[in-house]
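Proteins come first, then strands; the chains are lettered A, B, ... in the order of their sequence lines, and each starts at number 1.
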Number of protein chains: 2
Amino acid sequence: MPRAATTTDVFNAVAEPLRRRILDFLARGEQPVNAVVDSLRLCQPQVSKHLGVLKQVGLVSVRGNGRQRLYRVNAEGLKPIHDWVMAYEKLWADRLDRLDDYLQRLQSEGTPDDR
Amino acid sequence: MPRAATTTDVFNAVAEPLRRRILDFLARGEQPVNAVVDSLRLCQPQVSKHLGVLKQVGLVSVRGNGRQRLYRVNAEGLKPIHDWVMAYEKLWADRLDRLDDYLQRLQSEGTPDDR
DNA sequence: GATTTATATTCCGATATGGGTATACGTCAA
DNA sequence: TTGACGTATACCCATATCGGAATATAAATC
């Protein structure tokens with residue numbers, strides 16, 4: 001079985017660098033497809049496809065305006081990732097604390113060597 | 001070109017649900033491979049491979065102990081994801097604020113219907 | 001209705017992924 | 001040395017991904 005469907009899983013949808021860049025661009029505000037195409041210098045079908053994926057997982061929403069389709073970020077869609085990562089923040093914060101301790105000890109003891 | 005190498009990109013490494021579960025398990029503390037195998041009920045080669053990916057992207061570190069290999073989470077490796085997602089937190093926080101406003105308005109005006 | 005503009009969809013090929021099975025490697029014990 | 005245990009690796013298959021080119025759909029304009 002290959003990876004969980006990219007169209008189902010937010011983690012997967014965001015695993016694609018281009019989709020992240022598209023989201024980053026849309027974060028500035030609602031934009032039509034062509035704005036993405038021009039800004040990121042991509043082929044239009046490619047952009048449409050990536051936007052399709054982002055839409056399926058709920059990371060963007062669309063609104064038709066004449067012949068344009070305006071895409072906007074739905075940041076709440078990132079909450080699963082946020083929540084998951086946050087659970088680890090404490091872990092590495094602890095390590096950073098220990099690093100701080102270490103560095104402070106170094107300082108008070110004088111630098112032992114190089115690195 | 002297929003997706004960016006799973007062994008290079010932290011986002012990608014974590015896109016695989018099983019790898020997330022493995023990380024979650026390791027978050028409780030350093031564990032040998034077999035503990036993962038038993039706990040998650042997976043095949044051993046599968047686990048070794050996923051651990052290999054996690055190691056390559058720096059999400060876990062290994063330490064040999066006799067014939068065991070003890071894996072431990074390196075939570076700092078998740079920082080890129082953390083940083084990226086945090087940039088969006090404000091966006092959806094705003095929306096939640098608006099939701100708060102909405103709910104408060106509802107309450108002060110009396111519940112319109114049910115739910 | 002015909003044409004242009006904006007976007008979506010389809011089909012294709014190359015590639016790498018994840019799972020499975022078998023096997024190799026490394027370490028400890030007898 | 002031989003064997004048992006813990007883990008890593010190699011190989012194969014089925015599948016889905018991304019990108020590209022061509023084409024289809026939808027809406028506005030003439």
[X] has an atom [atom1]; how far is it from atom [atom2] of [N], in whole Å?
X	N	atom1	atom2	value
Glu16(A)	dT17(C)	CD	P	13 Å
Leu18(B)	dG18(C)	CG	P	10 Å
Arg21(A)	dC18(D)	CZ	P	15 Å
Asp9(B)	dC18(D)	CG	P	13 Å
Asn12(B)	dG18(C)	CG	C1'	13 Å
Glu30(B)	dG6(D)	CD	P	17 Å

- Close side-chain approach of Phe11(B) to Arg20(A), heavy-atom, < 4.5 Å: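 Answer yes - side chains close enough.
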- Message: With heavy-atom distances below 4.5 Å as the criterion, would you say the side chains of Gln46(B) and Leu18(B) are in contact?
- Response: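 Side-chain contact under 4.5 Å: yes.
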Under 3.5 Å, which N/O atoms of the protein pair with N/O atoms of nucleotides 6-11 of chain C?
unit_1: dT7(C); atom_1: OP1; unit_2: Val33(A); atom_2: N; d: 3.1
unit_1: dT7(C); atom_1: OP2; unit_2: Asn34(A); atom_2: N; d: 3.0
unit_1: dT7(C); atom_1: OP2; unit_2: Asn34(A); atom_2: ND2; d: 2.9
unit_1: dA8(C); atom_1: OP1; unit_2: Tyr71(A); atom_2: OH; d: 2.4
unit_1: dA8(C); atom_1: OP2; unit_2: Ser48(A); atom_2: OG; d: 2.6
unit_1: dA8(C); atom_1: N7; unit_2: Gln44(A); atom_2: NE2; d: 2.6
unit_1: dA8(C); atom_1: N6; unit_2: Gln44(A); atom_2: OE1; d: 3.2

- Query: Remaining members of Leu70(A)'s ILVMFWY cluster at a side-chain heavy-atom cut-off under 4.5 Å?
  - Reply: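 Grouped by the 4.5 Å side-chain rule, Leu70(A) forms a cluster of one, so the answer is none.
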- Message: Filter on salt bridge (charged side-chain N to carboxylate O under 4.0 Å, His left out), then keep only pairs touching residues 24-43 of chain A, sequence neighbours left out; what's left?
- Response: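 Of all non-adjacent pairs touching residues 24-43 of chain A, those that pass salt bridge (charged side-chain N to carboxylate O under 4.0 Å, His left out) are Glu30(A)-Arg63(A), Glu30(A)-Arg72(A).
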- Show the numbers, then the answer: is there a side chain to side chain donor-acceptor pair (under 3.5 Å) between Glu16(A) and His50(A)? CA-CA 9 Å; Glu16(A) 169 63 49; His50(A) 282 309; 4.8 Å; no
- Message: Is it the case that atom CZ in Arg21(B) sees more than 12 heavy atoms from other parts of the structure closer than 6.0 Å?
- Response: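 Open: at most 12 neighbouring heavy atoms sit under 6.0 Å from CZ of Arg21(B).
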- Item | Phosphate contact (dG19(C) OP1 or OP2) by His50(B) side-chain N/O below 4.0 Å |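 For dG19(C), OP1/OP2 do have a side-chain N/O of His50(B) under 4.0 Å.
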